[in-house]
Amino acid sequence: MALDSPQYEHPFCHLIDTLRSEQYEERRYFNLQKLSDVRYEKLPFCMRVLLESAIRKCDGLYIKTDDVSSILDWQTQQNQAEVAFSPARVLLQDFTGIPAMVDLAAMRDALAKQGVDPNLVNPRCPTDLIVDHSLQIDYSKCAIQSPPTPTDESHGAAVRSPAGRPSPRGSSSSGHCAGQRPGHQGSCSKSSCSDAPSGRSAAVQIENTPLLCPFHLQPVSEPETMIRNQEMELIRNKERLQFFKWCSKAFKNINVVPPDINAVHQVNLEYLCQVVQEGEGFIYPDSVVGTDSHTTMINGLGILGWGVGGIESEAVMLGQPVSLTLPQVVGCKLVGTINPLATSIDIVLGITKHLRQAGIGGKFVEFFGPGVQQLSTPDRTTIANMCPEYNATVSFFPVDDVTLQHFKNTICSEEKLVVLEDYLKAIKLFRSYGDQSDEPQYSEVIEMNLSSIVPHVSGPKRPQDRVAVTCMKEDFINCLNEKVGFKGFHISKEKQATQVPFLHKGAEYNLAHGSVVIAAVISCTNNCNPSVMLAAGLLAKKAVEAGLTVKPYIRTNLVPGSGTVTHYLNTSGVLPYLRKLGFEVVGYGCATCVGNTAPLPESVVDAIKQGDLVACGVLSGNRHLEGRLCDCVRANYLASPPLVVAYAIAGTVSINLETEPLGVNLEGKDVYLRDIWPSKEEVNHTEENIVIASMFKELRSRMEKGSTFWNRLESAESALFPWDPKSTYIRCPSFFSKLSKEVCTPQSIEGAYPLLFLGDKVTTDHISPAGSIARVSAAAKYLQSKRLTPREFNSYGARRGNDDVMTRGTFASIKLQNRLIGKTGPKTLHIPSGQMLDVFEAAERYQRDGVPLIILAGKEYGSGSSRDWAAKGPYLMGVRAVIAESFEKIHRNHLVGMGIAPLQFLPGQNADSLELYGKERFTINLPQELTPRQQLTVKTSTGKSFSVTALFENDMDVAFFRHGGILKYVARSLLL
């Protein structure tokens, strides 16, 4: 019942208040300060979000007043009380989204057969589904050789691309730039342009053009490889996309983001996040659970969110809250001033390392302290995204002035920004670091001094050998002294001062040990963050303005990771300064890292050989093994992009950048690195106001327009989905085949055979593979029976909407180790016949004979990525219970959600200690009145008897199990 319904008497209606201002219309909200409870003032901010949700959604059924009391008593209830949480929205990517939507479509069918209006089946929680996981790389590079033939699976004919042209057959690159630079290919739109434009580029809004001509900085058409891969994606997944299009029209409360817009986590950050939501007549904090591993990024914007499994996400979509044990909240206090030389990457990795060492597994982390304001929003979202690296559930940054400025530049209108700030301040969810009077109380506080984060380089031979920049000169000298090895070159003392003069283009220079001869700024992998590339550009600008230069014999180059990088470097006005120092854009691809560096000048090579010098290369890539850049360059260092520019200007790595000057200006005055290093504020300002703002604008434009293919895609207009019996992508699953209004009492499991006898750490990849479909698998046999060729198999992930494929893919991993057969592979023993069969074939035979199944396993069963079919597949195979030493929590939830009993051996016991050999028959007595964590008795056909713990954590788990899973639970609620 809606919160604003007159028939609904809300237990916390006395907290309802009105937000008023001349700048916007009135909004109602639950004012938590009206609790007049000192406990609220001491709650961590992330717990306040949980509390607001519990109060607003309190209905006495799913969320009770006890949940509210437990959250208020968080200090004493953490790690003990189970509470329910209803997030504001659900985030799905298409691999997990398609089975969820197929289940809802099947539920509509089941209810329609019972005489119930199918239109009643809709997501009850607002849901966003982003189609971003179906792209495959069929083409690489611009020279496409032997491309796959796209065919429409249902008609078997070649399909024309969405643009109306046939897909290419062995086509080559799209054209040549009209400029006359030798060896350059592209599709620069102008017939002539200067190779080196003079003067500073005008700072205009970035349009986020996919690529620029790297030499002429003119817009180019999209690379042919990208266009062709996108065409193949749309053609291969046409059935799935038509189903998604039907969902977008048939269901309420669902927003489908079509393919080729952006990755799910970027769409979430840049478009979907609201910070403050409005619905049912109230405003309230935004929060989200998502099936993408990057969901935690959103916590960097003050929006509470974390990752859940597919079945849990379906439950939330259907109106069920997430059940969680009140977590410990670790306060991470950031103090000190960030080292001026530290980049965003240094900061993120430094904080990640600190938290990993703190041992915070399974806890919430909330950041506070004066140091937080030094972190930009990209820094915060990146730190939040690193949660898996330090095993936290979330890393929460409350909204503050930095966040507000970000919202002003990106997603918020002026009115929305005022509402957001007023509301968050009204319920004390806005963080003011100037006011220390109302500091929350945390489970524990760990303090990190940001000044302890010291910038490093790696080298001279291996990436794991990190060297603090302040110790670089000392370390290099030590390397000269050391014996030849991972760090040593064994240069005698008397030869360490060797200098070799040489001529280059008519001028004389000297080379010595440590001289830089290669410097490459590369924005790939760990240096793709815009802030570090902008820092390099701003440093170059200041260096040129200070009169500094790079010696002309140093082989310098700039290799952006994409044309977008070139575009924002040019638009921010720094590219001409990089070019002035010799850092010219040379193209896009792997170059210096893999040794694709132009030869050094002969005079440089001769000087190196003459003096047996340890010459150096400095690059911001990810590979620098000895001799890789050039066989005469023995010492190679990985550094951040701005440090690459700095060492190129210095001309040597044998320098203390804190105490020694980089060079002298035209007046003969020493110029130090600190004189030209851009401040973090400068970098953040440029990033927020030029790069991020324009990226958000471009994404909004693409979201609003959609793709031509999507807009033209036809789909049914009916309330029920028209299932195509010939489809191999979308099938109506059998979860509701025996749906009745009455709930049956739990039936004991009598005489079950083990389908599998597994060991420790069986992952969801073992249970339900998501990659390619092996040609000899049960799923392949099924697809071949439908007259598909291996090229048309696609992947398990793409076929999650077909239960026939996914059930056959269950336990189809070639790395599955099954003790029943004693070797690796997707096989098992059909115990009654003694035959070794595919797991699916064995399960099918057991089901045909009416024999229930169980699985025996060791520790951490179901670890790895959350995957709904890792529970759905075993359910459809006839598995009634899994007996294991321990379970991964999300997978345990999934088993319960599908009506499979997760049973745990008692402490100290396992299959080996109980002398189970896996070929017995098992009987598990299930009482009619099941209770959470009840001990059950298991008996075997050999006369053994042992106890297990039924891992139903609360009454809702028991209810789901009794109904045969959450899907039937929800369906029955609509039948009543």
Side-chain angles (χ1 to χ4, degrees), residues 2 86-112 117-134 237 239-265 267-268 271-274 277-280 286-292 295 298 305 308-322 703-704 706-707 710-711 713-723 729-730 732-733 735 800-801 868 966-967 970-971 973-974:
S86 288
R89 55 191 175 92
V90 177
L91 180 71
L92 304 173
Q93 37 90 341
D94 53 319
F95 273 13
T96 51
I98 195 161
M101 300 313 299
V102 164
D103 290 346
L104 291 188
M107 190 183 296
R108 281 194 166 192
D109 277 15
L111 293 180
D117 182 4
N119 288 301
L120 293 177
V121 178
N122 290 291
R124 297 178 183 177
C125 180
T127 301
D128 297 295
L129 194 161
I130 293 85
V131 185
D132 76 327
H133 274 51
S134 54
N237 295 285
E239 282 187 54
R240 299 170 64 244
L241 296 177
Q242 284 178 321
F243 175 73
F244 285 139
K245 188 72 174 284
W246 173 80
C247 291
S248 68
K249 295 186 293 184
F251 290 106
K252 299 176 182 177
N253 242 5
I254 180 79
N255 170 45
V256 178
V257 178
D260 299 329
I261 297 295
N262 215 329
V264 56
H265 53 281
V267 174
N268 191 25
Y271 187 81
L272 301 176
C273 70
Q274 296 296 313
Q277 293 274 7
E278 296 192 38
E280 296 186 322
D286 191 9
S287 57
V288 61
V289 293
T291 58
D292 184 74
T295 303
I298 205 71
V308 296
I311 294 174
E312 280 184 305
S313 66
E314 283 189 54
V316 177
M317 289 170 62
L318 295 170
Q320 309 298 310
V322 175
M703 290 281 290
E704 290 164 2
S707 68
W710 177 262
N711 293 336
L713 190 64
E714 295 181 356
S715 63
E717 301 286 342
S718 55
L720 298 177
F721 182 70
W723 307 98
Y729 277 102
I730 309 293
C732 184
F735 301 133
R800 283 186 178 182
D868 57 341
I966 187 164
L967 295 175
V970 173
S973 71
L974 294 172

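Only a predicted model underlies this, so the values are computations on that prediction, with no experimental measurement involved.
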Considering all heavy atoms of both residues, which atom of [X] and which atom of [Y] are nearest to each other, and what is their separation?
{"X": "Gln277", "Y": "Arg89", "result": "NE2-CD, 3.5 Å"}
{"X": "Ala100", "Y": "Leu92", "result": "CB-CD1, 4.4 Å"}
{"X": "Pro87", "Y": "Val322", "result": "CD-CG2, 4.4 Å"}
{"X": "Val90", "Y": "Cys125", "result": "CG2-SG, 3.9 Å"}
{"X": "Pro123", "Y": "Thr127", "result": "CB-OG1, 3.9 Å"}
{"X": "Ile254", "Y": "Cys247", "result": "CG2-O, 3.5 Å"}

Audit row: Val288, Ile298, side chain to side chain contact (heavy atoms under 4.5 Å, CB included) steps and yes/no: CA-CA 9 Å; Val288 61; Ile298 205 71; 3.8 Å; yes
What is the distance from atom [atom1] of [X] to atom [atom2] of [Y], rounded to the nearest 0.5 Å?
{"X": "Leu318", "Y": "Leu104", "atom1": "CG", "atom2": "CG", "result": "5.5 Å"}
{"X": "Ile730", "Y": "Phe244", "atom1": "CD1", "atom2": "CZ", "result": "7.0 Å"}
{"X": "Ile311", "Y": "Ile966", "atom1": "CD1", "atom2": "CD1", "result": "9.0 Å"}
{"X": "Met317", "Y": "Glu312", "atom1": "CE", "atom2": "CD", "result": "14.0 Å"}
{"X": "Thr291", "Y": "Asp94", "atom1": "OG1", "atom2": "CG", "result": "9.0 Å"}
{"X": "Glu239", "Y": "Ile98", "atom1": "CD", "atom2": "CD1", "result": "9.5 Å"}

Under 3.5 Å side-chain donor-acceptor pair for Arg108 and Asn122: yes
Tyr729 and Leu241, any side-chain heavy atoms less than 4.5 Å apart: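 No, every pair of side-chain atoms sits at 4.5 Å or beyond.
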Test item: Val289 and Ser313 side chains (from C-beta on) under 4.5 Å apart, heavy atoms: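 A side-chain contact under 4.5 Å is absent here.
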Salt bridge (Lys or Arg N to Asp or Glu O under 4.0 Å) pairs, two or more places apart, involving residues 118-131: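 For residues 118-131, and leaving out neighbouring residues, there are no salt bridge (Lys or Arg N to Asp or Glu O under 4.0 Å) pairs at all.
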Donor-acceptor pair, side chain of Ser287 and main chain of Ala88, under 3.5 angstrom: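 Side chain of Ser287 to backbone of Ala88: a pair is present.
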Whether Gln93 side chain and Thr96 backbone form a donor-acceptor pair below 3.5 Å: yes
Side chain to side chain contact (heavy atoms under 4.5 Å, CB included) between Cys732 and Asp109, intermediate numbers included: CA-CA 9 Å; Cys732 184; Asp109 277 15; 4.1 Å; yes
Step-by-step side chain to side chain contact (heavy atoms under 4.5 Å, CB included) determination, Arg800 to Asp868: CA-CA 10 Å; Arg800 283 186 178 182; Asp868 57 341; 4.0 Å; yes
Test side chain to side chain contact (heavy atoms under 4.5 Å, CB included) applied to Leu111 and Val121, step by step: CA-CA 9 Å; Leu111 293 180; Val121 178; 3.3 Å; yes
Qualifying residues under side-chain contact (heavy atoms from CB on, under 4.5 Å), relative to Ser715, sequence neighbours excluded: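 Checked Ser715 against side-chain contact (heavy atoms from CB on, under 4.5 Å); matches are Lys245, Trp246, Lys249.
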